[in-house]
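Letters go in sequence order (proteins before strands), and every chain restarts at 1.
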Protein chains: 2
Amino acid sequence: MRRKLITIRDVAEHAGVSVSTVSHVLNGNDHHVGAVKRERVLAAVDKLGYRPNAIARSMVKRKTATVGLVWTEIDNPIFVPVILGIEEVLRPAGYHIVLASAPDVVQEIQAIETLRSQQVDGFIFMSLSICYPFDHLVRLNNEGVPFVVINRCLDESTIPQILWDERGAGYEATQHLLSLGHTRISTISGPIHDSPPRRSAIERHRGWQEALHEHGITVPPEWIQISDYTYEGGYQATQQLLELRAHECGLPSAIFVANDVMAASVLKALYDAGLRVPQDISVTTVGDSPFAAYTVPALTTLSLPVQEAGREAAQILLEGLTHGKSTNAAKITLKCRAQLRESCSPYHTTT
Amino acid sequence: MRRKLITIRDVAEHAGVSVSTVSHVLNGNDHHVGAVKRERVLAAVDKLGYRPNAIARSMVKRKTATVGLVWTEIDNPIFVPVILGIEEVLRPAGYHIVLASAPDVVQEIQAIETLRSQQVDGFIFMSLSICYPFDHLVRLNNEGVPFVVINRCLDESTIPQILWDERGAGYEATQHLLSLGHTRISTISGPIHDSPPRRSAIERHRGWQEALHEHGITVPPEWIQISDYTYEGGYQATQQLLELRAHECGLPSAIFVANDVMAASVLKALYDAGLRVPQDISVTTVGDSPFAAYTVPALTTLSLPVQEAGREAAQILLEGLTHGKSTNAAKITLKCRAQLRESCSPYHTTT
DNA sequence: TTGAAAGCGCTAACAC
DNA sequence: GTGTTAGCGCTTTCAA
């Protein structure tokens, strides 16, 4: 930043005191500084427009008051609320956030390296529920670097992590359908066969399974559509399902769709096929994107406490940042909340 | 980051060379270093797991390779693609991004202060098209700090800025309706009366006006609904419009909705009222959120090149970062692209 | 209460 | 080619 930098020395000179006195005043170590000199310092600071150099300070304090936010795939809208939650708690604590998106593990490792050389004080890792290898995270943890991980399956109890109760979400979404009398309940699942696996997809699917199982219900395999969490995928999966009209197993009376993005396009596919929701077919899903309340019909869904995840993560990190190390490695699972809207109706034989 | 830090001196010692040699090797000033010593240095670096301290380097180079991203309201999904665009160009250039959200001007000024003391090399400001006062930006500019501003109206030609052609978007969206034979074209506008003003809302509205004016069309004032860019707002505005059924001016045959969020709820409101889109009423809008292609019916809209805005901003900033200062303060206006989908049909007297 | 001075880890003259 | 050394701007003993 161009301009001749104004340093603490300039201030000291201007105020006719020593640099250490200036430093003391500026850092609130006022106790041992005379009121007169303090005033003089403050005046000089003001007059000169002095702006302390945080870099220089970081150098000697060996702390930067900065945390690295490593994002496994930034191209996801939930990024925003999560960051919001993180900022909400990190900002007041005086911390800054440095961003680094890292689409894969190699880049993640690379990002960690870079950020560490930047001397960040800690990390938050946010991923798309993908079960990447995490040896590097274990190592990082062993080195005593504070960090917390959001939405990633690491089967490692000494790393603090925030998860959503995906299985519970799938379960409850299905349970809701069951409670309405539906028994012919299909699913359009997320990428449950991906490798590395996608935890959310697998868990939501399992939740659906468990709910059905509890009621002793089995469904024809054709009613299980594996898709990919995208609009296009949801649309196509629905078309697949609709072809069963002519098939012996027939159509389900309800669909559990693994995320709200697909659910939106499921609605569209159903509409395009002339089926009415919820009269002809009910739909539940997971994820409560802002649009979910304004689809036609509005989606009954389980909302992920996204911003809360950011808050929790930051909170735990802060703990580790201040108390030198994460006290008790927490594994927090956040419950999803049901949002009952218009896409479901009680089961009845064809209208 | 705990652990005894390994410094460049340790490496020098281990390799039996001087620190400056190590520094040269590490910074690619290889020309003047013998191959033998270079190897020894590299080996020592590897063996010791040396990680250069970027903070120390920044201190002497007076550069941090970091840019501050100041976000006027982080709670907006377009944040993600914009960041994506920014990272796309800043990352390869070796720059990091420090985040700071600042909901209002006071906090923005504060954020700038903090980031400057953090020694960021430059800034990108991203706002919601709100015409905040910007004296502080002019000052920043005068101090020679490189920065660029996205989506904000500052009537100041020496500050590089990226804008979207909002007026053009409104114009073309309306023009499309006109070309389909519509003349009874209503608008659900954004917050055009806000203070400080919202540029996008005003411009889109003006685009609508201009298109009608060009065709010598005037509309009853009841057909102009001022709303707020939200789902709720869009829904309510539509209900207002629908009350005109009983009114002497009657219903329009088409609506230009100022953003896609409102458009989604307009669709819903119309559906709830038993009106079919596009058979009974056509809808165009601005903004092409991912969901816009999957509403029922899919929205005909003008898409903002969002990621491109991020890219352009970063590109221009990079210019200023490397060439000491922004060469020629650019004001780039990005054109919006029409996405023709299902929400419009040719005008015809009531079906 | 105040100040002098020793670094924090690195780069870049400048000397050899 | 290679090494010595003077800072970058700040905090923090330690003395006075």
Side-chain angles (χ1 to χ4, degrees), chain A residues 1-42 44-45 48-66 114 116-121, chain B residues 1-42 44-45 48-66 114 116-121:
Chain A
M1 323 231 82
R2 323 340 55 256
R3 295 250 137 166
K4 181 121 65 10
L5 262 275
I6 293 154
T7 76
I8 196 173
R9 236 174 304 264
D10 298 322
V11 176
E13 203 166 313
H14 200 90
V17 303
S18 74
V19 288
S20 52
T21 300
V22 177
S23 176
H24 281 139
V25 172
L26 261 34
N27 291 294
N29 298 357
D30 281 81
H31 359 289
H32 299 309
V33 177
V36 203
K37 301 219 165 185
R38 177 176 35 253
E39 285 318 312
R40 290 233 299 276
V41 169
L42 263 17
V45 164
L48 266 35
Y50 170 64
R51 175 184 303 116
N53 184 326
I55 292 292
R57 168 185 307 197
S58 296
M59 172 121 118
V60 13
K61 303 199 77 157
R62 269 103 160 293
K63 295 225 163 103
T64 52
T66 295
T114 318
R116 287 192 74 180
S117 79
Q118 292 270 92
Q119 312 300 114
V120 299
D121 296 336
Chain B
M1 321 224 91
R2 347 291 89 252
R3 297 251 137 167
K4 181 123 63 13
L5 262 275
I6 292 154
T7 76
I8 196 173
R9 237 175 303 264
D10 298 323
V11 176
E13 204 166 311
H14 199 89
V17 302
S18 74
V19 288
S20 56
T21 300
V22 177
S23 177
H24 282 138
V25 172
L26 261 35
N27 292 293
N29 299 356
D30 281 81
H31 1 288
H32 299 310
V33 177
V36 203
K37 301 220 165 184
R38 177 179 31 254
E39 285 318 312
R40 290 234 298 278
V41 168
L42 263 16
V45 164
L48 266 36
Y50 169 65
R51 177 183 301 117
N53 184 327
I55 292 293
R57 168 187 307 203
S58 296
M59 173 120 117
V60 12
K61 302 200 76 157
R62 270 103 158 294
K63 296 225 163 104
T64 53
T66 296
T114 318
R116 288 191 73 181
S117 79
Q118 293 269 88
Q119 311 301 112
V120 299
D121 296 337

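Side-chain proximity of B:Arg9 to the nucleotides D:dT12, C:dG9, D:dC10 is greatest for C:dG9. Nearest nucleotide to the side chain of A:His24, out of D:dT11, C:dC10, D:dT13: D:dT13. Distance from the side chain of A:Val60 is smallest to D:dT11 among C:dC10, D:dT11, C:dG3.
The heavy-atom pair separating B:Ile55 from A:Ser58 by the smallest distance is CG2-CB, 4.1 Å. Taking both residues in full, the closest heavy atoms of A:Gln118 and A:Thr64 are given as O-CG2, 3.9 Å, listed atom of the first, atom of the second, then distance.
One finds a side-chain N or O of B:Ser23 lying less than 4.0 angstrom from the OP1 or OP2 phosphate oxygen of C:dT11. Between A:Arg57 and D:dT11 there is a side-chain N or O to OP1 or OP2 distance below 4.0 Å. Taking only side-chain nitrogens and oxygens, B:Ser18 comes nearer than 4.0 Å to OP1 or OP2 of D:dG3. Residue A:Thr21 has a polar side-chain atom (N or O) positioned under 4.0 Å from OP1 or OP2 of C:dG3. Dashed line: the shortest gap from a side-chain N or O of A:Lys37 to OP1 or OP2 of C:dG3 is under 4.0 Å. Residue B:Asn53 places none of its side-chain N or O atoms closer than 4.0 Å to OP1 or OP2 of C:dC8.
Summarising the geometry, the separation between CD1 on B:Ile55 and P on C:dC10 is reported as 11 Å, rounded to the nearest angstrom. Taking atom CD of A:Gln119 as the reference point, atom P of C:dC10 lies 9 Å away to the nearest angstrom. Whole-Å rounding puts the B:His32 NE2 to C:dC14 P distance at 15 Å. When the C1' atom of D:dC10 is taken as reference, atom CE of A:Met59 falls 9 Å away, rounded to whole Å. What separates CZ of A:Arg62 from P of D:dC10 is a distance of 19 Å, to the nearest Å. If you take CD1 of A:Ile8 and P of D:dT12, they are 11 Å apart, rounded to a whole angstrom. In this structure, A:Tyr50 places its OH atom 10 Å from P of D:dG9, rounding to the nearest Å. In this entry the distance linking CG of A:Asn27 with P of D:dT12 reads 7 Å, nearest Å.
DNA chain D is contacted by both B:Lys61 and B:Val19; B:Val19 maps to the nucleotide lying nearer its 5′ end (nearest heavy atom per residue).
Looking at heavy atoms from C-beta onward, A:Leu48 lies in side-chain contact with A:His14 at the 4.5 angstrom threshold. By the 4.5 Å heavy-atom criterion applied to side chains, A:Arg51 and B:Arg116 are counted as neighbours.
Looking at heavy-atom distances under 4.0 Å, A:Val17 makes contact with sugar-phosphate atoms alone, never a base. Looking at heavy-atom distances under 4.0 Å, A:Ser20 makes contact with a base.
When B:Val11, B:Asp10, B:Leu5 are each tested for a side chain to side chain contact (heavy atoms under 4.5 Å, CB included) with B:Tyr50, only one passes: B:Val11.
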